[in-house]
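On a predicted model such as this, the values are computed, not experimentally measured, just so you know. We count ligands from 1, going down the list as the structure has it; atoms in each ligand are counted the same way.
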Amino acid sequence: MEKDKTIIIGGGPAGLTAAYELNKIGKKAIILEAGSQVGGISKTVNYEGNRFDIGGHRFFSKHVYVNEIWEHILGGDLLIRERMSRIHYNGHFFDYPLKPLNALKGLGLGKSVGVIGSYLHSSISPIRNPENFEDWVKNQFGEKLYEIFFKTYTEKVWGMPCHEISADWASQRIKNFSLKEAISNAFSLSGKNGNGAVITTLIEQFKYPRLGPGMMWEVCQKQLEDNGSPTLLNEKVTSIEHRNGKVKKINSLNKKGEKTTYTADHFISSMPLRELVLSLSPAPPNQVVEAARKLRYRDYLTVVLVLKQKEIFPDNWIYIHTPEVKLGRIQNYKNWSPEMVANPIHTTLGLEYFLWEKDEEWNWSDEKLIQLGIEECQKVGLIKKSDVVDATVVKMKKAYPVYDRNYSINVNVIRNYLGGFQNLQTIGRNGLHRYNNQDHSMMTGVFAARNTVGEKNDVWSVNTEAEYHESGENRISERLIPSKKY
Ligand SMILES: Cc1cc2nc3c(=O)[nH]c(=O)nc-3n(C[C@H](O)[C@H](O)[C@H](O)COP(=O)(O)OP(=O)(O)OC[C@H]3O[C@@H](n4cnc5c(N)ncnc54)[C@H](O)[C@@H]3O)c2cc1C
C-alpha cells in the first residue's frame, strides 16, 4: 500500500461515505465488503427484475451535507415521493399520521374517550425517570394508547417485552412526540412539534432513488472506483492485528477461503461492534470481550410476493399491529417507485418478519415461509392467494442493534477501550451499536474520514440526545458543511 492509505471495512452507507469523503479530501481508500454487493442493510435486491429493499428506505435528512451527497451521487435519479402509511389493528386501518375522524371510527367513542382520559392521567402523574420503553410511551401517550398502538408492534420488532427495552430507543425514535403533538398534527398537518422542529416519524415526503436505495450505493461504488478507491467484494475481514495502540494489519477471507493481508495507515470499520472486538488480535481484556459478547442484534426476513394485480393498496407500507399474526409490516414497492416492479401489470409486496437467528422460523424452508406470508396477508384481508404468481425470501442478519437494559453499559466499556487506538475508528449503525438511519450512518463516515487528516470529530456524538439539544433547524449539519479546503 502506498503511504497514507485507508482501509475501510464494510461497503454499506457508512463505509462508502467515508471513502467518498476521503476522495473529496484527495485521499484514496480500499473498501473490503463481505457480501457480493454494496449497500449493506440499504441494498436493493434484484429478483427476476423485481427490486426490493430490506424494509423500505426513506431518504430523509435534516443534515444539509448528507442531502448534498445524495444529490451529488444520484442527481435526477432521486424521486420525491409522497408518504402514505396506515396501521392495521383488529380489522381496522388507522391512518398514520392520525386523522381524527378515522381514529374515532376505528376506536369507537368509548375507547377514544378512554384514550384521552388515560393520557390526561399520565400527564398529571407521569412515571418518574422512565427507564424502559413501556414507561416512556405511557408518559407520552397514556396507558390505553400504549396498549393499542405501541405494545404489540414494538414487541414484534424487538422480540422482548416493552419493559425490557431501554427508554433510549423511544426517546431516539419518537423524540419530541406525544399524544398532544399527534392530535395537533392531525388538525394542522404541519408535521412540526410545539418548538417548530420536524417530527421525523410524521414526514409526509421523502426522496427515493428510482431503482431503490441500492442504486445510491452502487453508483457511489462506481464513482469511487473510477477515482481510485475500489470496493473488493466477498472479502470478509476476520482478524485485526494490533500492537501498542495501533492496528498493523488486517486479514480477510474470500469465498474460496483464501486469505489476504492488508496494511494501511488508517482503518475505519463499519462491521458490527461485537465482531470488531472479537476480531482483535491479541484479544482485548476479558471485561471488553465480555461486554462485546453481550451485545445483541435482531434479525429480519422479508417474504416477497409477486401478484398479478396492477394495484392492491395505495400505501407505501402498512404496519400490522394486529396480534394474531407474526407479520410486522408490509411494503408495497411499486408505490415507492414504479420501476421497482418488472412487469407493470404486477405488484410486489414485502412481508416483513422480525426474528432471532435462533428462532425456529429463521430456519424454515422458503416454501414454508412463503406459505406463512400468504396466509397471514390473506388473514388481514390484503390479498387473494390465487393472485400470487411468484415469491422469494430474503434474510438480513443483524438488522437491528438491540437496546436492552444494559446495552449502553456494554457499549461504553468497548468505546473506552477502542478510544486507546490511534488508527482504528468504528462507524455506522452496527459499528456504533446505535439505531442509526442512513444519514446518521453516513455522517459518522464523514467524521471518521476527516479525522484521518487531523480533525477531532466525535463519531459517537452523532444521533444522540446531545445532538438534538443543539439549537437551530440544521444543528450538527452546520458543522458538516466543508469548513476547510483540503
Ligand atoms: C427494516 C429496516 C428499514 C430501514 N429503513 C430506513 C429508512 O427508511 N431510511 C434510512 O435512512 N435508513 C433506514 N434503515 C437503516 C439503514 O439501513 C442503516 O442505517 C444503514 O444501512 C447503515 O449503514 P452502515 O454502513 O452503518 O451498515 P450496514 O448497512 O449494515 O453495512 C455494513 C456493511 O459491512 C459489511 N460487513 C460486515 N462485517 C464485515 C466484515 N467482517 N468484513 C467486511 N465487510 C463486513 C456488511 O456486509 C455490510 O455491507 C433501515 C433499516 C432496517 C433494518
Side-chain angles (χ1 to χ4, degrees), residues 7-20 30-44 52-63 66-67 70 81 83 85 157 173 200-201 203 206-209 212-214 216-217 220-221 231-240 250-254 260 262 267-276 278-279 297-302 316-317 328-329 331 336 350 352-354 394-401 426-445 448 459 462-463:
I7 294 278
I8 296 172
I9 305 172
L16 291 174
T17 306
Y20 173 98
I30 288 180
I31 303 120
L32 302 178
E33 168 53 50
S36 55
Q37 70 179 102
V38 293
I41 308 170
S42 307
K43 71 181 174 184
T44 295
F52 49 91
D53 312 9
I54 305 302
H57 276 68
R58 287 188 285 168
F59 283 63
F60 171 82
S61 184
K62 294 174 188 166
H63 306 298
V66 166
N67 283 296
W70 286 337
R81 306 303 291 166
R83 168 224 183 111
S85 63
V157 174
R173 199 63 190 158
T200 314
T201 183
I203 288 158
F206 53 86
K207 293 177 188 157
Y208 190 72
M216 176 71 73
W217 305 113
C220 181
Q221 173 194 12
T231 302
L232 309 183
L233 297 172
N234 300 309
E235 287 291 336
K236 180 173 179 168
V237 172
T238 49
S239 66
I240 301 173
I250 62 175
N251 304 302
S252 72
L253 286 182
N254 67 14
T260 310
Y262 297 87
F267 296 85
I268 298 177
S269 167
S270 64
M271 67 199 273
L273 197 53
R274 183 173 75 192
E275 271 59 44
L276 173 67
L278 300 180
S279 305
Y297 304 86
R298 185 82 166 143
D299 308 300
Y300 165 103
L301 72 78
T302 183
N316 307 97
W317 68 89
R329 195 169 52 182
Q331 299 291 339
W336 287 78
E352 303 179 75
Y353 289 89
F354 310 99
V394 171
K395 294 176 181 173
M396 175 59 74
K397 289 183 190 168
K398 299 191 174 63
Y400 296 91
T426 183
I427 58 167
R429 177 169 164 115
N430 287 335
L432 296 167
H433 205 85
R434 182 156 299 146
Y435 196 85
N436 284 335
N437 270 338
Q438 288 174 103
D439 59 336
H440 294 121
S441 310
M442 290 169 66
M443 283 166 52
T444 63
V459 293
V462 176
N463 193 13

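The closest heavy-atom contact to atom 6 (C) of ligand 1, among the options Lys398, Met396, Glu275, His57, comes from His57. Across Gly15, Ser239, Pro13, Gly11, heavy-atom proximity to atom 23 (O) of ligand 1 is greatest for Pro13. The heavy atom nearest to atom 18 (C) of ligand 1, considering only Glu352, Arg429, Gln331, is found in Arg429.
Under the side-chain contact (heavy atoms from CB on, under 4.5 Å) criterion, Asn254 pairs with Glu235, Lys256, Glu258, sequence neighbours left out.
Within the 4.0 Å heavy-atom criterion, the part of Ile54 lying near ligand 1 is the backbone and not the side chain. When heavy-atom distances to ligand 1 are checked against a 4.0 Å cut-off, Arg329 comes that close only through its side chain, counted from C-beta outward. Of all the heavy atoms of Asn437, the ones lying under 4.0 Å from any atom of ligand 1 are found in both the backbone and the side chain. At a heavy-atom distance under 4.0 Å, atoms from both the backbone and the side chain of Ala399 approach ligand 1. Contacts between Tyr400 and ligand 1 below 4.0 angstrom, taking non-hydrogen atoms only, involve the side chain exclusively. Neither the backbone nor the side chain of Phe59 has any atom closer than 4.0 Å to an atom of ligand 1 (non-hydrogen atoms only). Both the backbone and the side chain of Ile41 come within 4.0 Å of ligand 1, judged by heavy-atom distances.
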Pair Asp53, Tyr208 - check side chain to side chain donor-acceptor pair (under 3.5 Å), show working. CA-CA 11 Å; Asp53 312 9; Tyr208 190 72; 2.7 Å; yes
As a quick check of understanding, evaluate side chain to side chain donor-acceptor pair (under 3.5 Å) for Ser239 and Asn251, giving each step before the final call. CA-CA 5 Å; Ser239 66; Asn251 304 302; 2.8 Å; yes
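Taking the six-membered ring where the residue is Trp, His440 and His63 present perpendicular rings, their angle passing 60° and hence far from 30°.
Residue, atom and distance of the protein heavy atom nearest to atom 42 (N) of ligand 1 are Val237 N, 2.9 Å. Summary of contacts: the protein heavy atom closest to atom 7 (C) of ligand 1 is Arg58 N, 3.3 Å. Nearest to atom 49 (O) of ligand 1 among the protein's heavy atoms is Glu33 OE1, 2.6 Å. Nearest protein neighbour of atom 11 (O) of ligand 1, counting heavy atoms only, is Gln438 N, 2.9 Å. Looking at atom 20 (C) of ligand 1, its nearest protein heavy atom turns out to be Ser42 OG, 3.5 Å. In this structure, the protein non-hydrogen atom closest to atom 38 (N) of ligand 1 is Met271 CB, 3.4 Å. Ranking protein heavy atoms by distance to atom 44 (N) of ligand 1, first place goes to Ala34 N, 3.1 Å. Given atom 34 (O) of ligand 1, the protein heavy atom at minimum distance is Gly10 CA, 3.2 Å.
Atom numbering of ligand 1 starts at 1 in the shown order; those under 4.0 Å from a heavy atom of Gly428 are 26 (O). Atoms of ligand 1 found under 4.0 Å from any heavy atom of Ile9 (numbered from 1 in listed order, with element): 40 (C), 42 (N), 43 (C). Residue Leu32 has at least one heavy-atom neighbour below 4.0 Å for each of these atoms of ligand 1: 43 (C), 44 (N). Close approach of ligand 1 to Tyr300 (heavy-atom distance below 4.0 Å) involves ligand atoms 1 (C). Within the listing of ligand 1, atoms 41 (N), 42 (N) sit less than 4.0 angstrom from a heavy atom of Lys236. Each of the atoms 15 (C), 18 (C), 19 (O) of ligand 1 lies under 4.0 Å from some heavy atom of Asn436.
Annotation: side chain of Leu276 is not in contact with side chain of Val237 (no heavy-atom distance under 4.5 Å). Residues Pro213 and Thr44 have side chains in contact (heavy-atom distance under 4.5 Å, counting atoms from C-beta outward). At least one side-chain heavy atom of Ile54 sits under 4.5 Å from a side-chain heavy atom of Val394. The side-chain heavy atoms of Trp217 and Gln438, taken from C-beta on, include a pair separated by under 4.5 Å.
Residue-to-ligand polar distances place Ala14 within reach of ligand 1: an N/O pair is separated by less than 3.5 Å. For the pair Ser441 and ligand 1, the shortest N or O to N or O distance falls below 3.5 Å.
Using a non-hydrogen distance threshold of 4.0 Å, Lys397 does not register as a contact of ligand 1. Using a 4.0 Å heavy-atom cutoff, Gly56 is listed among the residues neighbouring ligand 1. Between Glu235 and ligand 1 there is a heavy-atom distance shorter than 4.0 Å.
A donor-acceptor contact shorter than 3.5 Å is absent between the side chain of Arg298 and the backbone of Lys398. Here the side chain of Ser270 pairs a donor or acceptor atom with the backbone of Ile9 at under 3.5 angstrom. Between the side chain of Tyr262 and the backbone N or O of Leu32, no donor-acceptor pair lies under 3.5 Å.
What you find for Leu432 and Thr426 is that their closest heavy atoms are CD2-O, 3.3 Å. Taking all atoms of both residues into account, the shortest heavy-atom contact from Gly55 to Tyr300 is N-OH, 2.7 Å.
Proximity of atom 27 (O) of ligand 1 to the protein is not indicated, since no non-hydrogen protein atom lies closer than 4.0 angstrom.
Checked against a 6.0 Å centroid threshold, the rings of Phe206 and Trp336 count as neighbours. Taking the centre of each ring, His433 and Tyr297 come in below the 6.0 Å mark.
Geometrically, Arg429 engages Tyr400 in a cation-pi contact defined by less than 6.0 Å to the ring centre and at most 45° from the axis.
Within 6.0 Å of NZ on Lys236 lie no more than 12 heavy atoms contributed by other residues, nucleotides or ligands.
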